[in-house]
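Report on one structure; see the data block that follows.
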Amino acid sequence: MVTRFAPSPTGFLHIGGARTALFNLLFARHHGGKFLLRIEDTDAARSTQEAIEAIVEGMRWMGLDWDDEVVFQSQRIARHAEVAAAMLDSGHAYRCYATAEELEAMRAEQRAAKQPMRYDGRWRDRTCGPEHEGQPFVVRLRAPREGETVIDDAVQGRVTVANAELDDMVLLRSDGTPTYMLAVVVDDHDMGVTHVIRGDDHLNNAFRQLGIVKAMGWPEPVYGHLPLLHGHDGAKLSKRHGALGVEAYRDDLGILPEALENYLLRLGWGHGDDEIISHDDAVRWFDLGGVGRSPSRFDVKKLEHINGHYIRGADDGRLAQLVAERLDEVPHPHDVRLLTVAMPALKMRAKDLNELADGAQFLFAPRPLAMDAAAAALLEGGASDLLARLHATLSRVADWTAANVEEAVREVSGEAGIKLGKVAQPLRAALTGRATSPGIFDVLVLLGREESLARIADRVSQGVNA
RNA sequence: GGCCCCUUCGUCUAGUGGUUAGGACGCGGCCCUUUCACGGCUGAAACACGGGUUCAAGUCCCGUAGGGGUCACCA
């Protein structure tokens with residue numbers, strides 16, 4: 001079995017495209033087949049090298065590893081033309097000399113008459129007279145007009161369309177280059193693609209493409225048309241819904257690739273009550289039969305939840321590296337080692353890399369610390385006195401371990417007759433500048449004796465409002 | 001508009017004739033607790049509507065409504 005992902009390089013790796021690629025990959029791996037990548041760059045005007053790189057990079061990041069070499073459709077135009085010529089020879093295609101203006105007029109008439117807009121086949125049975133000699137022409141498929149075409153779609157089920165609905169589409173443009181319709185069919189055939197798994201928006205195309213397959217006498221591939229992804233409001237995913245490219249999920253939203261894969265997999269597909277599914281299990285369980293037929297809405301909240309799950313389980317060193325990259329804006333030199341040590345406490349509290357980086361700020365914040373509003377509020381009243389006592393008691397701790405600092409803090413709490421929470425909060429504010437942070441004893445240890453005492457002293461000497 | 005497809009909690013889904021219609025996200029409450037998270041328990045929340053078929057329908061059939069896709073010398 002051979003599947004493929006065939007994006008056109010006009011921007012980035014679309015989130016919906018990533019899901020299509022994922023399903024193709026999973027299907028191939030599940031059945032022990034191949035997963036290929038083809039770049040559909042026949043539209044020179046819209047295709048860019050940057051877009052190709054963005055797609056390749058996005059796929060690598062997602063772990064969507066394809067087999068064999070990448071196929072570039074643009075390099076195969078000679079072969080496409082060859083097939084078109086063969087179809088011309090066999091009578092399955094014909095030359096059409098209708099001009100763009102002529103066709104536009106035809107469509108305008110059809111629109112006005114509320115008729116379906118289709119090519120009327122005006123050159124279907126007409127041979128080129130001397131007046132058209134040397135004039136530009138396109139090559140069109142001579143599609144059957146009677147009967148119907150049936151596709152047993154692996155996702156959508158049996159779908160039937162009357163052949164009268166299908167017009168004679170263009171195979172070769174007047175400049176001799178192939179249209180998408182011709183190119184996909186030829187490339188899929190030549191690449192040995194057995195299962196064409198792609199977006200629902202191609203279902204109608206499949207009927208027309210099948211016409212070429214049949215004309216050439218090639219084996220019909222199995223089609224599987226996946227429902228499209230929609231935004232939270234039910235409309236087709238577009239810019240106004242936010243992030244569209246996978247790199248935005250990586251860079252802007254701070255999503256881990258395994259989380260995105262898991263989320264995308266669950267969109268339109270399910271395996272009982274399973275929610276957290278490893279890649280290996282996905283390969284083991286995935287098949288097209290389980291794919292739903294209705295479009296699903298993208299829910300960032302659930303993505304974030306899954307992301308939080310994977311962050312908690314991720315390697316501390318890896319996370320530290322990722323966070324360090326995000327902290328580059330901070331002038332203070334940061335320490336990946338410290339981040340790594342702090343990570344177990346940090347990652348418990350973040351559902352994306354941005355929150356993780358934000359939660360790590362205090363480790364490197366320069367003294368005297370800036371207090372946010374909530375922290376400042378905690379330092380009002382008798383906080384200065386309390387911090388002075390904390391400073392005095394903590395100063396006597398020689399061996400700066402979590403157990404020892406905890407003992408010291410509890411001692412102050414007991415002596416002052418103040419509940420631990422009331423002691424911990426001002427202390428947290430003094431140490432982190434925030435009202436929330438990892439456990440206060442962890443913070444003390446992470447910061448170290450010297451830095452901790454200095455931060456507390458800052459608050460005592462500068463008073464509560466500093 | 002023509003053609004094609006879709007319709008279970010707000011969202012993602014389980015469910016393949018007989019279930020108190022299950023799980024997850026989100027939301028509310030409680031517990032844990034030095035804050036925030038995590039975790040645990042718990043609550044509210046769905047079979048679009050109308051006809052059939054059947055002893056029995058979320059599950060099958062037909063309509064209706066709503067939604068989506070597609071109608072290029074773009075892919």
Side-chain angles (χ1 to χ4, degrees), chain A residues 6-10 40-43 45-47 73 96 98-100 103-104 107 110-111 114-119 136-140 153 155-157 159-162 164-167 169-175 177-181 183-184 199-207 225 227-228 230 232 234-236 263 266-276 292-306 308-309 312 345-351 355 359 374 378 406 409-410 413 419-425 427-429 432 434-441:
Chain A
S8 53
T10 54
E40 312 234 311
D41 54 350
T42 45
D43 185 350
R46 293 200 305 162
S47 302
Q73 195 158 65
C96 168
T99 63
L103 293 176
E104 187 39 55
R107 276 190 282 270
Q110 291 170 334
R111 199 176 310 122
K114 290 192 188 297
Q115 295 292 311
M117 290 187 284
R118 279 194 285 268
Y119 174 68
F137 61 88
V138 299
V139 174
R140 286 181 184 272
D153 194 280
V155 174
Q156 304 290 340
V159 186
T160 305
V161 164
E165 299 293 333
L166 280 17
D167 62 4
M169 65 188 167
V170 175
L171 263 21
L172 231 43
R173 294 189 269 251
S174 52
D175 63 359
T177 60
T179 60
Y180 160 78
M181 289 290 179
V184 246
D200 218 351
D201 48 343
H202 288 288
L203 180 56
N204 291 292
N205 289 338
F207 290 91
H225 288 95
L228 264 20
H230 285 182
H232 53 81
K236 187 178 176 181
Y263 178 68
R266 284 285 292 105
L267 224 39
W269 180 83
H271 184 268
D273 286 342
D274 296 306
E275 294 290 345
I276 298 299
R293 297 185 189 182
S294 58
S296 30
R297 304 185 187 199
F298 201 91
D299 180 5
V300 179
K301 281 280 196 294
K302 187 154 184 175
L303 204 211
E304 286 173 340
H305 176 264
I306 290 176
H309 173 89
R312 271 171 258 131
L346 256 23
K347 67 184 182 183
M348 222 57 192
R349 298 170 166 75
K351 57 185 187 299
E355 288 187 359
L378 286 172
E406 171 163 3
V409 173
R410 284 187 188 279
S413 164
K419 290 209 292 188
L420 184 57
K422 293 291 184 186
V423 176
Q425 280 307 80
L427 180 55
R428 187 186 315 280
T432 68
R434 307 282 184 86
T436 65
S437 80
I440 197 64
F441 309 123

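Proteins come first, then strands; the chains are lettered A, B, ... in the order of their sequence lines, and each starts at number 1.
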Quiz item: Distance between the P atoms of B:G29 and B:C38, in whole angstroms?
Solution: 15 Å

Quiz item: Could A:Glu355 and A:Arg349 be called an ion pair, given the rule that one side-chain N must be under 4.0 Å from one carboxylate O?
Solution: no

Quiz item: Once you round to the nearest 0.5 Å, how far does CG of A:Leu267 lie from CZ of A:Arg297?
Solution: 12.0 Å

Practice problem: Quick one: label A:Asn205 by what it contacts on the DNA or RNA (base, sugar-phosphate, nothing), any heavy atom closer than 4.0 Å. | Solution: base

Exercise. Among B:U7, B:U70, B:C25, find the nucleotide with the atom closest to the side chain of A:Ser294.
Key: B:U7

Quiz item: Atom CE of A:Met169 and atom C1' of B:C73: how far apart are they, to the nearest Å?
Solution: 13 Å

Exercise. For A:Val409 and A:Leu427, run side-chain contact (heavy atoms from CB on, under 4.5 Å): C-alpha distance rounded to whole Å, both residues' side-chain angles, the deciding distance at 0.1 Å, then the answer.
Key: CA-CA 9 Å; A:Val409 173; A:Leu427 180 55; 4.1 Å; yes

Quiz item: Which nucleotide sits closest to the side chain of A:Lys301: B:C25, B:C4, B:A75?
Solution: B:C25

Quiz item: Which nucleotide sits closest to the side chain of A:Leu103: B:C73, B:C4, B:G2?
Solution: B:C73

Quiz item: Residues in ring pair (Phe, Tyr, Trp, His ring centres under 6.0 Å) with A:His271, at least two apart?
Solution: A:Trp285

Self-check item: Rounded distance (nearest 0.5 Å) linking atom CD of A:Gln425 with atom OG1 of A:Thr436
Solution: 8.5 Å

Self-check item: Interatomic spacing from NE2 in A:His225 to CD in A:Gln156 - rounded to 0.5 Å
Solution: 8.0 Å

Quiz item: Of A:Asp201 and A:Gln156, whose closest RNA chain B nucleotide lies nearer the 5' terminus?
Solution: A:Gln156

Quiz item: What residues, two or more places apart in sequence or in another chain, satisfy side chain to side chain contact (heavy atoms under 4.5 Å, CB included) together with A:Asp167?
Solution: A:Arg118, A:Tyr119, A:Arg208

Please write out the pairs of protein N or O atoms and N or O atoms of nucleotides 14-21 of chain B separated by less than 3.5 Å, giving the distance to one decimal.
none

Practice problem: Indicate, with a heavy-atom threshold strictly under 4.0 Å, whether A:Thr160 touches base, sugar-phosphate, or nothing. | Solution: sugar-phosphate

Please tabulate the protein-to-nucleotide N/O contacts below 3.5 Å involving nucleotides 33-37 of chain B, giving atom names and distances.
unit_1 : atom_1 : unit_2   : atom_2 : d
B:U34  : O2     : A:Arg428 : NH2    : 2.5
B:U34  : N3     : A:Ile440 : N      : 3.3
B:U35  : O4'    : A:Gln425 : OE1    : 3.1
B:U35  : O2'    : A:Ala435 : O      : 3.1
B:U35  : N1     : A:Arg428 : NH2    : 3.2
B:U35  : O2     : A:Ser437 : N      : 2.9
B:U35  : O2     : A:Ser437 : O      : 3.1
B:U35  : N3     : A:Arg428 : NH1    : 3.2
B:U35  : N3     : A:Ser437 : O      : 2.7
B:U35  : O4     : A:Arg349 : NH2    : 3.3
B:U35  : O4     : A:Gly439 : N      : 3.2
B:C36  : O2     : A:Arg349 : NE     : 2.5
B:C36  : N3     : A:Arg349 : NE     : 3.2
B:C36  : N3     : A:Arg349 : NH2    : 3.0
B:A37  : O2'    : A:Met348 : O      : 2.6

Practice problem: Consider the side chain of A:Arg293, meaning its heavy atoms from C-beta on, and name the nucleotide among B:C3, B:A75, B:C6 that approaches it most closely. | Solution: B:C6

Practice problem: Using a 4.0 Å heavy-atom cut-off, write out nucleotides 58-68 of chain B from 5' to 3' as B (base contacted by protein), S (sugar-phosphate only) or - (no contact). | Solution: ----------S

Self-check item: Interatomic distance where CG belongs to A:Leu203 and P belongs to B:C6 [whole Å]
Solution: 10 Å

Exercise. Grab the CZ-C1' distance between A:Phe298 and B:U13 for me, whole Å please.
Key: 16 Å

Quiz item: Would a line drawn from the ring center of A:His202 to the ring center of A:Tyr180 be shorter than 6.0 Å?
Solution: yes

Self-check item: Separation of A:His230 NE2 from A:Ser294 OG (nearest 0.5 Å)
Solution: 9.5 Å

Quiz item: If we take the C1' atom in both B:G23 and B:U42, what is their distance in whole Å?
Solution: 16 Å

Quiz prompt | CG-CZ distance between A:Asp200 and A:Arg293, expressed to the nearest 0.5 angstrom | solution = 11.0 Å

Quiz item: If you measure from the C1' atom in B:G22 to the same atom in B:U8, how many Å do you get, rounded?
Solution: 11 Å

Quiz item: How far, in whole Å, is B:C30 from B:G69 if one measures between their C1' atoms?
Solution: 47 Å

Quiz prompt | Separation between the C1' atoms of B:G43 and B:U59, rounded to whole Å | solution = 29 Å

Quiz item: So, the side chain of A:Asp41 versus the backbone of A:Gln73: is there a donor-acceptor pair under 3.5 Å, distance only?
Solution: yes

Self-check item: Partner nucleotide, any strand, of B:C41 [Watson-Crick/G-U, under 3.5 Å]
Solution: B:G29

Quiz item: B:C3, B:A24, B:A75: which one has an atom nearest the side-chain heavy atoms of A:Gln73?
Solution: B:A75

Self-check item: Between B:U70 (P) and A:Arg107 (CZ): distance, integer Å
Solution: 17 Å

Quiz item: Should B:U7 form a Watson-Crick or G-U wobble pair with both distances under 3.5 Å, which nucleotide is its partner?
Solution: B:A65

Quiz prompt | Distance between C1' atoms of B:A75 and B:U13 (Å, rounded) | solution = 32 Å

Quiz item: Is the closest side-chain donor-acceptor distance between A:Gln110 and A:Arg107 under 3.5 Å?
Solution: no

Quiz item: Does OP1 or OP2 of B:U13 have a side-chain N or O of A:Ser296 closer than 4.0 Å?
Solution: yes

Exercise. Measure from the side-chain heavy atoms of A:Glu275 and tell me the nearest of B:A75, B:G23, B:U11.
Key: B:G23

Practice problem: Could you give the distance separating B:G26 and B:A46 at their C1' atoms, to the nearest angstrom? | Solution: 15 Å

Practice problem: Take atom CD of A:Glu304 and atom P of B:C12, then tell me their distance rounded to the nearest Å. | Solution: 17 Å

Quiz item: Residues in side chain to side chain contact (heavy atoms under 4.5 Å, CB included) with A:Arg46, at least two apart?
Solution: A:Thr10, A:Asp43

Quiz item: Rounded to whole angstroms, how far apart are CG on A:Leu267 and C1' on B:U11?
Solution: 10 Å

Self-check item: Interatomic distance, A:His309 NE2 vs B:A24 C1' [rounded to whole Å]
Solution: 13 Å

Practice problem: Can you tell me the pairing partner of B:C73 across any strand shown, Watson-Crick or G-U wobble, with both distances under 3.5 angstrom? | Solution: none

Quiz prompt | From B:C4, B:A75, B:G10, nucleotide with atom closest to A:Val159 side chain | solution = B:C4

Self-check item: Whole-Å gap separating P (B:A75) and NE2 (A:His225)
Solution: 17 Å

Quiz item: Does B:A56 have a Watson-Crick or wobble partner in any strand here, with both distances under 3.5 angstrom, and which is it?
Solution: none

